[in-house]
Structures are given as structure tokens and as C-alpha cells.
Amino acid sequence: MEILKTINDAQEYVLNQRRNGLKIGFVPTMGALHQGHISLVEKSTTQNDITIVSIFVNPTQFNNAADLEKYPRTIDADCKMLEAAGCNMVFTPDEKEMYPQKDERVFSFNGLESCLEGEFRPGHFNGVAQIVSKLFFAIPAHNAYFGQKDFQQLAVIKQLVLQLDIPVNIIPCPTIRESDGLAMSSRNLRLTPEHRSNSTFIYKMLQKTVELAKANNPTLIKEIIISEFNKNKLLKLEYFDIVDNTYLQQTDFFQKDTIYIACVAVWAGDVRLIDNIQIN
Ligand code: AMP
């Protein structure tokens, strides 16, 4: 497995493989890898000849300096996991390489970027669009893999690719969970044991939402689930919403032929966790 640090080297590597007629899969990450990331890598290895993973903790998508500083960095363990999973090249640029000068670009995605996560993390998706567009330039892949755990990010990236005419297929991948249901996340490493065991509550509430949706409208479901969260002393709910999976609009009633997603953000101590589930 090769480890490359500059955009020039990475581009040259990819273009060489493409000249040889090989299909390239790309998995962008911020490192501190777990089985969720590895599932994306494994999917890429089954669909492509060459799989590339980037590891870069992108400062422009953090709206909270402490969160950026505390973000776990485990590069040696990450590389071992990637090699075992069949990754061919890891791109690990530093900040100067990705941002030789301040990125002043401001993206707009018809409101996709300002609801849900966007409301509580202003500028987050602009930072995501900045780095992902740069990474797609450095790694001109055929296919790029993103987790449905970050389903709003997925919606934003699909729009980004359309707006900028980037010739890459965006492949969504299912959320991988711990055996007790907690969605895997690099941030889970920072949970206290008490918060860790309590965090299974999040997935239980998402499953309850699916059950309730069989006979109730979204407004009532929201009331019930929010009041359940408010009874939980260890988790602080930031939002719980039910939206359609394309425009991420809230709804008062379920329409046939539309896919709805229940999505949630909570604070478990000083760790922010997000999760979602498809309702129908
Ligand atoms: P991150 O390193 O958190 O930026 O995540 C890199 C990629 O891995 C993103 O496309 C995430 O959606 C995806 N990912 C993170 N956690 C999971 C998970 N539990 N299951 C599936 N994909 C995930």
C-alpha cells in the first residue's frame, strides 16, 4: 500500500492507473478509522480495481475549535487497517497542501446545507464542499463512497457533483453499528463508559420511530420521541426531525412514494452524536 502526501503525487498515481484502464474507487475520511469506514473500503474493493482512501481532518468543516482539537488521530493504526482491507493507496496531505491559501468559496445547495446539521453547525457543509471538491480534483476516481450515517452530507455531495460537473459516481453505503445498535463513529472513542452505555438509547428511539410511523403522523411521532429524549438525563437532544430524503424538508403527513428519514443529534457529555434511520 502506498502512502502519498502531495496532490501532485496522488494525481499522478491515479492518472497512471487510469491510463492502464483500471477502475478507481475513492473513500474520503478524517481517519480514526473503524468498521464503518472499512465497510466503505471493502465495497470499493469489490467494485473497482484500485481503492484509494484519504485521511485528512478538515479544519474548515469544524465550527467548534475544541471539537477539531479533540478529534482523534490514529494514523498508524488506520494504515494497518487499510492495508488489511485491500486499500492500494492512502492520501494523507497536511493542511498547507490542501489549503495553500484561504478557501473563500461559498457554496449554496438550495437550502440543503442550512437545515438540520446546518442549523446547529453553521458553515459545516460549506467546509465539507470545499474539501470534497479539492479531494475529487486530487483523486479523479470513477466511484466515491460515502456513508448514509451522514445522510445530509451525502445529499450535499450529490448536489456538489452536479453543480461542478464532477465526473464521479457517488455510492451510498449503509450505516454500520456496534452490536448494541450505536452507530460507529470516530467520536465514540471519546464517550465516558456511562455515556457509552446510555447512547444505545439513540438507536432505540430511531427504531421506535419506525414502529410509530406505521400508525401515526410525523407531528405526533416527533412529540412522543422528543418527550422520551427529554426524560433521558444523560443525553441532551439537539434536534429530532422527520424529513424526506431528497430535499430534507420536514413534513406533517407521510406521502406515498416518498422516502422519509428520521434524524437526530444529541450531546452525550461533550461528545456530539448523530444518527438516522429510513422510515419506510
Ligand atoms: P468521517 O471520517 O467521519 O468523515 O467519515 C468518512 C466516511 O465514512 C463518511 O462517508 C461517513 O459517512 C462514513 N462513515 C462514518 N461512520 C460510518 C458508519 N458507522 N457506517 C457507515 N459509514 C460511516
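We count ligands from 1, going down the list as the structure has it; atoms in each ligand are counted the same way. All of these numbers come straight from a predicted model, not from anything done at the bench.
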No-hydrogen, no-angle side-chain donor-acceptor test under 3.5 Å, Tyr99 and Asn58: yes
Distance-only polar pair, side chains of Tyr260 and Gln255, donor-acceptor under 3.5 Å: no
Met30 N/O to ligand 1 N/O under 3.5 Å: yes
Polar atom proximity, Met184 to ligand 1 (N or O, under 3.5 Å): yes
First locate atom [atom1] of [X], then atom [atom2] of [Y], and finally report the distance between them rounded to the nearest 0.5 Å.
X      : Y      : atom1 : atom2 : value
Leu4   : Gln11  : CG    : CD    : 12.0 Å
Leu33  : Leu40  : CG    : CG    : 10.5 Å
Asn230 : Ile225 : CG    : CD1   : 11.5 Å

Residue part near ligand 1, for Leu33, under 4.0 Å between non-hydrogen atoms: neither
What atoms of ligand 1 come closer than 4.0 angstrom to any heavy atom of [X]?
X      : value
Leu40  : 7 (C), 8 (O), 10 (O), 13 (C), 22 (N)
Tyr71  : 3 (O)
Thr175 : 20 (N), 21 (C)
Phe146 : 10 (O)

Heavy-atom nearest neighbour of atom 21 (C) of ligand 1 within options Pro28, Cys173, Ala144, Pro174: Pro174
Winner among Arg177, His37, His34 once heavy atoms are compared against atom 16 (N) of ligand 1: His34
For [atom], what is the closest protein heavy atom, and at what distance to 0.1 Å?
atom                    : answer
atom 20 (N) of ligand 1 : Ile176 N, 2.9 Å
atom 10 (O) of ligand 1 : Gly147 N, 2.9 Å
atom 12 (O) of ligand 1 : Asp150 OD2, 2.6 Å

Ring centre gap for Phe201 and Phe229 strictly below 6.0 Å: yes
Ring centroid separation Tyr13 to Phe91 under 6.0 Å: no
Taking every non-hydrogen atom, the tightest pair across Val156 and Phe109: CG1-CE1, 3.6 Å
